[in-house]
Amino acid sequence: MAPEFDLFLLEDMDKYQVREYVSTLLWQIRICDAFWFLNVEQRHGLAEAEKINELVWDKVGALAARDIVERFGPFEDSPRGFWEAYEYLCWSPMVEYQVEEEEDALTVTVRSCPAQAGRRKHGLGPYACREMHGGEYRRFAELAAPSVRVECVHAPPDDTERDYDCRWRFAARKSGD
């Protein structure tokens, strides 16, 4: 069972104030993650920061999926169900996703990843996030939509000379997968 939090602040807020509060929390999560990664990178190097990030997000994918399914599920065991569950993840409102639906698959494109955009803005090169997100998505799918197969179409460290940062495909498993 997911932990309960004391949300007393919400009791006297109107809809606009709740939205502003949620936006503030999301921004705080984003800056905490960014500075955590940058400090690990500065102290231990980019490769070590990427490896630690992979370990963290593998665990986050599983724990977030469990919490989301308990609170908002169940979700259909399909690519569409996977994505409906994933939209509850705290990062989803922070990232602009373009979702293309096929018969038994979804292709999701991130035109501008906030983390990669931040690195570009500060003159840093991209960080390799393919393994991190691959683990996160696979672990999330295991609990939210177990029949979904996760495929990376493109993500750093792949070349960065594109009009998007990453692209993923979530497909229904075929017999034998």
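Side chains included, hydrogens not; waters and symmetry mates left out as well; all remaining heavy atoms used.
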So which heavy atom on Pro157 is nearest to which on Ala128, and how close? CD-CB, 3.8 Å

Phe140 vs Tyr86 aromatic rings, parallel, tilted or perpendicular, using cut-offs 30° and 60°? perpendicular

For Ser112 and Arg120, work out which heavy atoms get closest and say how close. OG-NH2, 3.8 Å

Quick check for you: to the nearest 0.5 Å, what is the distance between Asn53 atom CG and Phe37 atom CZ? 5.5 Å

Evaluate Thr107 against Glu102 for side-chain hydrogen bond (donor to acceptor under 3.5 Å, both in side chains), listing each step before the verdict. CA-CA 8 Å; Thr107 300; Glu102 304 162 36; 2.9 Å; yes

Hey, would you say the Trp83 and Trp168 ring centroids sit under 6.0 Å apart? no

I'd like to know if Phe35 and Leu46 are part of one continuous hydrophobic network [Ile/Leu/Val/Met/Phe/Trp/Tyr, side-chain heavy atoms within less than 4.5 Å]. no

Tell me, with the steps shown, if Arg138 and Glu136 meet salt bridge (charged side-chain N to carboxylate O under 4.0 Å, His left out). CA-CA 6 Å; Arg138 280 187 289 281; Glu136 170 201 357; over 6 Å; no

Interatomic spacing from CD in Glu54 to SG in Cys129 - rounded to 0.5 Å: 10.0 Å

I need the minimum non-hydrogen distance between Pro126 and Arg119, along with the two atoms involved. C-NE, 4.0 Å

same_hphob_cluster(Val60, Phe72) at 4.5 Å side-chain heavy-atom cutoff: yes

Between Val95 and Val110, the two heavy atoms sitting closest are CG1-CG1, 3.7 Å

Establish, yes or no, whether the cationic atom of Arg167 lies under 6.0 Å from the six-membered ring centre of Tyr164 and within 45° of the ring axis. yes

Please determine whether the number of non-hydrogen atoms from other residues, nucleotides or ligands lying under 6.0 Å from atom CH2 of Trp36 exceeds 12. yes

